[in-house]
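Worksheet for the structure shown next.
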Amino acid sequence: MSETETPKLDFIRQIIADDLASGKHETTVTRFPPEPNGYLHIGHAKAICLSFGIAEEHAATGARCHLRFDDTNPEKEETEYVESIKEDVHWLGFDWGEHLYFASDYFSFFHDCAVALIEKGLAYVDQQTPEQIRETRGNLNVPGTESPYRDRSVEENLELFARMKAGEFKEGEAVLRAKIDMASPNIVMRDPVIYRVMHAEHHNTGSDWCIYPMYDFAHPLEDAKEHVTHSLCTLEFEIHRPFYDWTIEHCPVPSQPRQIEFSRLNLNYTVMSKRKLLTLVKDGRVSGWDDPRMPTLSGLRRRGYPAAAIRSFCKGLGITKYKGTTDIALLEHEVRGYLNEVAARRMAVLDPLKLVITNFAEDQADEVPIPNHPGKEEMGERQVTLTRELWIERSDFMEDPPKKFFRLGPERHVRLRGGYIVKCTGFEKGADGEVTEVHCEYLPGTIGSNPPEGVKCKAAIHWVSAEHGREAEVRLYDRLFSVEDPDAAEEGFASVLNPDSLSTVTAQVEPSLAEGDPEEIFQFERTGYFVADRHDHQPGERLAFNRTVALRDSWGGKK
RNA sequence: AGUCCUGUAGUGUAAUGGUAGCACAAGAGAUUCUGACUCUCUUAGUCUAGGUUCGAGCCCUGGCAGGACUGCCA
């Protein structure tokens, strides 16, 4: 990109730039308003990167992004989720500074606005049953009909609303409705309910309230109260915007926020519905919200995904109103890119096969220095002990290899990564026909040098000393969902879950790995195996296991 | 009595009304002590029919297709 080239603005950034240029706003204030009813997932990352990203871009004007918990429904929200959300936003690399808010702190303000609406004759207490309200709303083709309680006097409404607040009604007996237009083609505008009775304990306000505002009413007020200028949300709220604007217009608010909608993230092979993810957790299909197979930010973190890669992925998504499905390969590409830079390399053998170097003395033990990263000297090197008996990956040997297979086979040469070039001289088979041991001879003096004249050696395989290596129980994770669109499944998850998404293997690992270090490994296509994060890993501490086999199997062999 | 939103290579996105670019994916090749990375090349696109215009992906009209909306959820 040339220096003179200005970055392309998506339509939201363009609106903000225009508002700044025209003097409508002196700065921009955005917000990320999760409901604390689940963990944040990769879909939220898009919204976080957008709202917080815009605030960062306009930092010079004093722009900011608020983290606000939209906790207006006491029945669905828990404190555990508040903490996880804060942690995940921070991990992603964003900071709300002083601007941490709870919608529940504004309950009095919402109430005052509702009273103001009643006084203007723009809201009324409806005592129809929920069923009656539903039936009289009409449908997509039929206008609604007005409630018999619609034309109560202001005084009566005021008194009734006060009694609602005082707890004189049971749930479902009375609601406060905005008086707009029961014949509106937009059903949201057909006298929407703005307050309902709920005798529930709220995680923040306890039992102070027994009436709670609806999202449609509360959200614009929250934005206005915080002087949010641009309230960015996903497309499903588009049809609610007329009521958002109506609320701002008719309530005593200190600022005029504007709601702008963009398309939410859809990823193939991924479920993003909180309700469905919660089902996975509750049914024990995964170990928790932060199971490495989960699309939650905490799951991706354990899986080893660098936050920078997720941010970069979100940047490339673009902001549009088109509902498409992003290929998860785009995310994985970013992850590979970052991990390839920062991950230290180690050797591990997941499916061990014994390799004996027959011209190596029993007690011979050669210390070979192996770089921790190919091409990054600053990451240092480590000494690995090479002995007569080694473990290699079973798939790195073929009894009858095709010509395009570059690794071990009878009479073939291969390099033991970081060590000698060896020539396969034979192998043994068990009664069941399975290869149990491979024999080879090493070529002295081939460490750190090119293969001698006439020796073809096109691959380097990884290995672990049978004597110095360590056996480790490793949990191997793979993709959770086996189908491209798991949301399309009719019922439950049985048909879309990959039964092999979690397996345990007895692997052989380098002694340089701390005890317990490779306890969780995520199989990552075309990059090798990565250690799943153990919560405390920093971005620079990721480990990658060398892997010789490409999943694509370009040599034409079996899968 | 339906209203509103959206259609650009396989996918995601760019293009003051003026040469349809980029990334990922896919394919071919080079390189390689990770069949990775990197590098080179290739394939492939404006939903449709009209209209306005010297000129339309962009503006207008009509089709077609996909989506949102009928919670006292957010």
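So you know, we letter chains A, B, ... as the sequences are listed, proteins then strands, and number each from 1.
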Nearest of [options] to any side-chain atom of [X]?
X	options	result
A/Lys323	B/rC5, B/rG67, B/rC72	B/rG67
A/Pro185	B/rU3, B/rA25, B/rA74	B/rU3
A/Val188	B/rC69, B/rG12, B/rA74	B/rC69

Quick one: [X] [atom1] to [N] [atom2], roughly how many Å, whole number?
X	N	atom1	atom2	value
A/Ile194	B/rG71	CD1	P	18 Å
A/Met214	B/rU70	CE	C1'	14 Å
A/Leu331	B/rC24	CG	P	14 Å
A/Asn139	B/rG71	CG	P	10 Å
A/Asp181	B/rU70	CG	P	17 Å
A/His462	B/rU32	NE2	P	21 Å
A/Glu261	B/rC69	CD	P	13 Å

N or O in side chain of A/Arg137 less than 4.0 angstrom from B/rG71 OP1/OP2: yes
Sidechain-backbone polar pair: A/Ser312 side chain, A/Ala308 backbone, donor-acceptor under 3.5 Å: no
Check: A/Ile194 and A/Phe243 side chains under 4.5 Å, non-hydrogen atoms: yes
Cation over ring face, A/Arg479 and A/Tyr269, 6.0 Å, 45°: yes
Pair of N/O donor and acceptor under 3.5 Å linking B/rG71 base with A/Arg134 side chain: no
